[in-house]
A.B. asks: 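If you scroll down you'll find the structure; I have some questions about it.
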Amino acid sequence: MLELNYIRSQKEEVLRGLKIRNYTEEDLAIVDNILSLDEARRSTQTELDNNLAESNKLSKAIGGLFKEGKREEAEAMKGQVTVLKAVAKDLEAKNKKAIEQMEELLLAVPNIPHQSVPPGTSSDDNEVYRAWEHPLPELSDQAKPHWELAKEYNIFDLELGVKITGAGFPVFRGQGARLERALINFFLDEASKAGYEEIIPPLMVNEDAARATGQLPDKEGQMYHVEKENFYLIPTAEVPITNIYRDVIVNEKDFPIKLTGYTPCFRREAGSYGAHVRGLNRVHQFDKVEIVQIAHPDSSYEQLNGMLDHVAALLDKLKLPYRILRLCGGDMGFTSALTFDFEVWSAAQKRWLEVSSVSNFQTYQSNRMKVRFKDENKKTRLAHTLNGSALALARIVAALLENNQTADGINIPAVLHRYTGFEKIEK
RNA sequence: GGAGAGGUGGCCGAGUGGUCGAAGGCGCACGCCUGGAAAGCGUGUAUACUCCACAAGGGUAUCGAGGGUUCGAAUCCCUCUCUCUCCGCCA
C-alpha cells in the first residue's frame with residue numbers, strides 16, 4: 001500500500017496517478033477521506049500520548065510515595081490515575097477505529113503509475129514498447145494448435161488431468177515432460193548466470209505472507225486455500241521469495257538483491273472458458289521461473305531495464321518472436337507502478353500470448369512488507385521491490401510446439417538440446 | 001496424534017510487581033593505539049507512531065500475539081500462537 005507520508009506530501013501526484021488508472025472525480029474523494037482520517041487519528045494520538053504521559057508520571061510518583069511511607073498521599077493519587085485511565089480507554093478505542101478505517105481505505109488505493117505509464121482503459125491501449133522487427137513465421141495450412149500437437153505426439157494430456165484432479169491440470173509425459181524440465185533448467189541456469197541466487201521456497205504460504213505481497217485481500221478468490229491450516233497455494237513464486245525479506249532491514253551495500261526460483265504456480269482463475277483458454281493457454285497449475293529484486297530506490301528503474309534485457313535474451317535464445325508492451329493505466333496490476341508484458345507469437349493460433357510480466361512495485365509492496373534499509377544518513381527507508389517471470393512455462397511450450405512444427409516432428413531450439421537430450425519431438 | 005519445556009534487543013543471556021527499553025557478553029560502527037593488523041581501550045548501536053521544520057530535543061507504545069488484574073506488568077492471571085525435547089506415525 002501507499003505510504004501515508006507520500007499521500008500527505010505528494011497529493012497532486014497521487015491524484016494524477018489515480019486519474020491514469022481511470023479514477024473518476026468521485027472516486028478521487030478517497031484521497032481526501034484518507035487525509036482527514038489521518039488528521040483525526042494524529043490529533044487523537046497526541047491527546048492519548050499526553051494522557052498516558054500524565055498517568056505514567058503519577059504512577060511513578062505513587063511508587064515513590066509508597067517507598068517513603070507516605071501511604072495516605074499515595075492512596076489519594078490513585079483516584080487521579082483512575083480518571084485518566086478511563087479517558088485513555090476511550091481515546092484508545094477512537095484511535096484504533098480511525099487506524100482501521102484508514103487502513104481499509106489505504107488497501108483500496110492502487111499503486112501510483114510511473115510517469116511513463118500511458119493512459120488507457122484496457123489491454124487495447126497498451127503501448128508497444130518494442131515491436132518484433134522481423135517477419136512473423138508463416139506456417140502451412142496444415143499447421144496445428146498446440147493442443148492438437150499434444151495429442152499427436154503425446155506431449156501432455158489435459159483429459160488425464162481431469163481424471164486425476166480436474167480441468168486445467170495438465171499431465172506432461174514423455175518428451176513433453178522432458179521439454180518442460182529442460183526449460184526450467186535452462187531458465188534457472190540463465191538466471192544464475194545473471195547473478196540471481198536460486199531459491200526453492202515453500203509452495204504454500206500463510207496469511208501474513210500472502211498479505212505482504214498484496215495477494216490478500218484483493219486476490220483472495222484467485223488462490224487455492226487449505227482450510228485446515230489456513231495456508232494458500234502460491235499463485236507465483238513472487239510470494240514466498242519476496243517474503244524472505246519481509247520485516248528485514250537490509251544492508252544498503254547488498255543492493256540489488258537478486259533472487260530466482262522455480263515453482264509450480266496455482267491459480268483458480270474461475271469463470272473463463274472458450275478458444276482463448278484452450279490447451280495450455282490458461283491452466284490452474286503451471287510452472288514458472290521467477291526473478292525477484294530488492295533494489296535501492298535510486299536504481300530500481302535501471303534494474304527493471306536489466307530484467308527486461310534478461311527476459312528478452314531468453315526469448316532470443318529460444319528463437320521465439322516476441323514483443324514488449326508497456327501496460328496502460330487501465331491494464332496494469334493493482335500493486336505495480338510500471339509493468340512490461342512480454343508476448344510471444346503463437347503461429348498456429350495466430351495470436352500473441354503473454355509469457356512474462358516484469359514490474360517495479362516501488363515501495364508499494366515493501367511498505368506492507370516492511371523491507372527497509374538504512375541510507376547514508378542512517379535514516380530507515382523503504383526499499384523497492386521488482387519481479388518478473390523468466391519465464392512462464394506453459395505458454396512458452398505452446399508457442400515452441402506450434403512455431404517449430406514440421407511434417408515429421410517438432411524441432412527443439414538448439415539451446416535446449418543439452419537439457420532435453422533430443423533435438424526433435426517425434427511420434 | 002500423546003507428554004513435557006520454553007518464547008526477552010542482530011545473536012547469546014540476566015531480569016518474578018515500581019526509576020527496566022530492559023544488566024552482562026558477542027556482533028556491528030566509529031575513534032584511539034599500530035608501519036599495517038590482531039589484541040587492548042573509549043564511544044555508540046531496536047522499531048513504530050507522535051509533537052516539532054522528516055534538525056535538535058521531547059512524548060507514547062512495543063520483552064511471541066491478544067485480553068485481564070493493578071495507581072503501576074517483561075514480571076501475576078486467561079486465551080491464542082510458535083519453537084524445542086521425548087514418544088507415536090511416516091517420505
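Heavy atoms only: backbone and side chains are in, while hydrogens, waters and symmetry mates are out. The structure displayed is predicted, hence computed values, not measured ones. Here is the naming used below: chain letters follow the sequence lines, and residue numbers restart at 1 for every chain.
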A.B. asks: Take atom P in B:A39 and the same atom in B:A23, then report the distance between them in whole Å.
C.D. replies: 24 Å

A.B. asks: Find the partner of B:U43: check Watson-Crick (N1-N3 plus N6-O4 or O6-N4) and G-U wobble (N1-O2, O6-N3) distances, both under 3.5 Å, and reply none if neither fits.
C.D. replies: B:A29

A.B. asks: For a quick test of reading the model: is some side-chain N or O of A:Arg8 closer than 4.0 Å to OP1 or OP2 of B:C54?
C.D. replies: no

A.B. asks: More 5' along RNA chain B: A:Gly64 or A:Arg42, using each one's nearest nucleotide?
C.D. replies: A:Gly64

A.B. asks: Inspect the contact between A:Glu13 and A:Arg16 and indicate whether a charged nitrogen and a carboxylate oxygen are less than 4.0 angstrom apart.
C.D. replies: yes

A.B. asks: If you pin A:Thr82 and A:Lys57 to their nearest nucleotides in RNA chain B, which one's is more 5'?
C.D. replies: A:Lys57

A.B. asks: For A:Lys78 and B:G17, what is the distance between atoms NZ and P respectively, to the nearest whole Å?
C.D. replies: 17 Å

A.B. asks: Less than 4.0 angstrom from a charged side-chain N to a carboxylate O is my criterion; do A:Glu103 and A:Arg41 meet it?
C.D. replies: no

A.B. asks: Taking the minimum atom-to-atom distance to the side chain of A:Lys89, which one of B:U47, B:G59, B:G68 wins?
C.D. replies: B:G68

A.B. asks: Give A:Leu52 one of three labels, base, sugar-phosphate or nothing, depending on what nucleic acid heavy atoms sit under 4.0 Å from its own.
C.D. replies: sugar-phosphate

A.B. asks: Can you find an N or O donor on one side and an acceptor on the other, under 3.5 Å apart, linking the side chain of A:Lys85 with the base of B:C71?
C.D. replies: no

A.B. asks: Find the partner of B:U16: check Watson-Crick (N1-N3 plus N6-O4 or O6-N4) and G-U wobble (N1-O2, O6-N3) distances, both under 3.5 Å, and reply none if neither fits.
C.D. replies: none

A.B. asks: If we call it a pair only when both distances are under 3.5 Å in a Watson-Crick or G-U wobble match, what pairs with B:A56?
C.D. replies: none

A.B. asks: Taking the P atom in each of B:C76 and B:A37, what is the distance between them to the nearest angstrom?
C.D. replies: 50 Å

A.B. asks: Regarding A:Leu48, tell me which of base, sugar-phosphate or nothing describes its non-hydrogen contacts under 4.0 Å with the strands shown.
C.D. replies: nothing

A.B. asks: Any donor-acceptor pair under 3.5 Å linking the side chain of A:Thr420 with the backbone of A:Leu416?
C.D. replies: yes

A.B. asks: So if I take every side-chain heavy atom of A:Val81 and compare against B:G68, B:C71, B:U50, which nucleotide ends up nearest?
C.D. replies: B:C71

A.B. asks: Does this structure show an ion pair linking A:Lys288 with A:Glu290, if we count only N-O contacts that are shorter than 4.0 Å?
C.D. replies: yes

A.B. asks: Whole angstroms only, please: what is the CD-P distance between A:Glu75 and B:G72?
C.D. replies: 13 Å

A.B. asks: Measuring only the P atom in each nucleotide, how far is B:G72 from B:U60? A whole number of Å is fine.
C.D. replies: 15 Å

A.B. asks: For a quick test of reading the model: is some side-chain N or O of A:Arg41 closer than 4.0 Å to OP1 or OP2 of B:U50?
C.D. replies: yes

A.B. asks: Thinking salt bridges, do A:Lys193 and A:Asp189 make one under a 4.0 Å N-O criterion?
C.D. replies: no

A.B. asks: Look at the side chain of A:Lys379 and decide which nucleotide, out of B:C49, B:C54, B:C71, has an atom nearest to it.
C.D. replies: B:C54

A.B. asks: Could you measure between the two C1' atoms, the one in B:G66 and the one in B:C52, and give it in whole Å?
C.D. replies: 33 Å

A.B. asks: If you apply the rule salt bridge (charged side-chain N to carboxylate O under 4.0 Å, His left out), what do you find for A:Lys97 with A:Glu100, and how did you get there?
C.D. replies: CA-CA 5 Å; A:Lys97 201 172 164 196; A:Glu100 276 167 11; over 6 Å; no

A.B. asks: State, to 0.1 Å, how close A:Pro110 and A:Tyr23 come at their nearest heavy-atom pair, and which atoms those are.
C.D. replies: CD-OH, 3.0 Å

A.B. asks: Under a 4.0 Å threshold between the charged nitrogen and the carboxylate oxygen, would A:Asp32 count as salt-bridged to A:Lys11?
C.D. replies: yes

A.B. asks: Atom CG of A:Asp247 to atom P of B:G10: distance rounded to whole Å?
C.D. replies: 11 Å

A.B. asks: Using purine N1 to pyrimidine N3 plus N6-O4 or O6-N4 for Watson-Crick, or N1-O2 and O6-N3 for G-U wobble, each under 3.5 Å, what pairs with B:A23?
C.D. replies: none

A.B. asks: Using the P atom on both, measure B:U85 against B:C32 and round to a whole Å.
C.D. replies: 48 Å

A.B. asks: Can you tell me the base-pairing partner of B:G9? Count Watson-Crick or G-U wobble geometry only, both distances below 3.5 Å, and say none if there is no partner.
C.D. replies: none

A.B. asks: Can you tell me, in whole Å, how much space there is between the P of B:G9 and that of B:G15?
C.D. replies: 16 Å

A.B. asks: Rounded to whole Å, please give me the gap between CD in A:Glu207 and C1' in B:U81.
C.D. replies: 13 Å

A.B. asks: Quote, to the nearest angstrom, the P distance that separates B:C26 from B:G44.
C.D. replies: 16 Å

A.B. asks: Among B:U60, B:U47, B:G18, which nucleotide sits nearest the side chain of A:Ser59?
C.D. replies: B:G18

A.B. asks: Can you tell me how far P of B:U50 sits from CD of A:Glu47, to the nearest Å?
C.D. replies: 16 Å

A.B. asks: Measuring only the P atom in each nucleotide, how far is B:U75 from B:G64? A whole number of Å is fine.
C.D. replies: 8 Å

A.B. asks: So what's B:U34 paired with, Watson-Crick or G-U wobble, going by both distances under 3.5 Å?
C.D. replies: none

A.B. asks: Determine which nucleotide pairs with B:A65, using a 3.5 Å limit on both distances of a Watson-Crick or G-U wobble pair.
C.D. replies: B:U79

A.B. asks: How long is the line joining CG of A:Asn251 and P of B:G27, in whole Å?
C.D. replies: 18 Å

A.B. asks: Whole angstrom is fine here: how far is it from CZ in A:Arg381 over to C1' in B:U47?
C.D. replies: 18 Å

A.B. asks: Reckon A:Thr380 touches a base, only the sugar-phosphate, or nothing at all at heavy-atom distances under 4.0 Å?
C.D. replies: sugar-phosphate

A.B. asks: Compare side-chain N and O positions of A:Asn56 against OP1 and OP2 of B:G59 and report whether any pair is under 4.0 Å apart.
C.D. replies: no

A.B. asks: When the distance from CG of A:Asp208 to P of B:G64 is rounded to whole Å, what number comes out?
C.D. replies: 17 Å

A.B. asks: When you get a sec, tell me which of B:U50, B:U47, B:C71 is the closest nucleotide to the side chain of A:Gln45?
C.D. replies: B:U50

A.B. asks: In the structure shown, which nucleotide is the Watson-Crick or G-U wobble counterpart of B:C90, with both distances under 3.5 Å?
C.D. replies: none

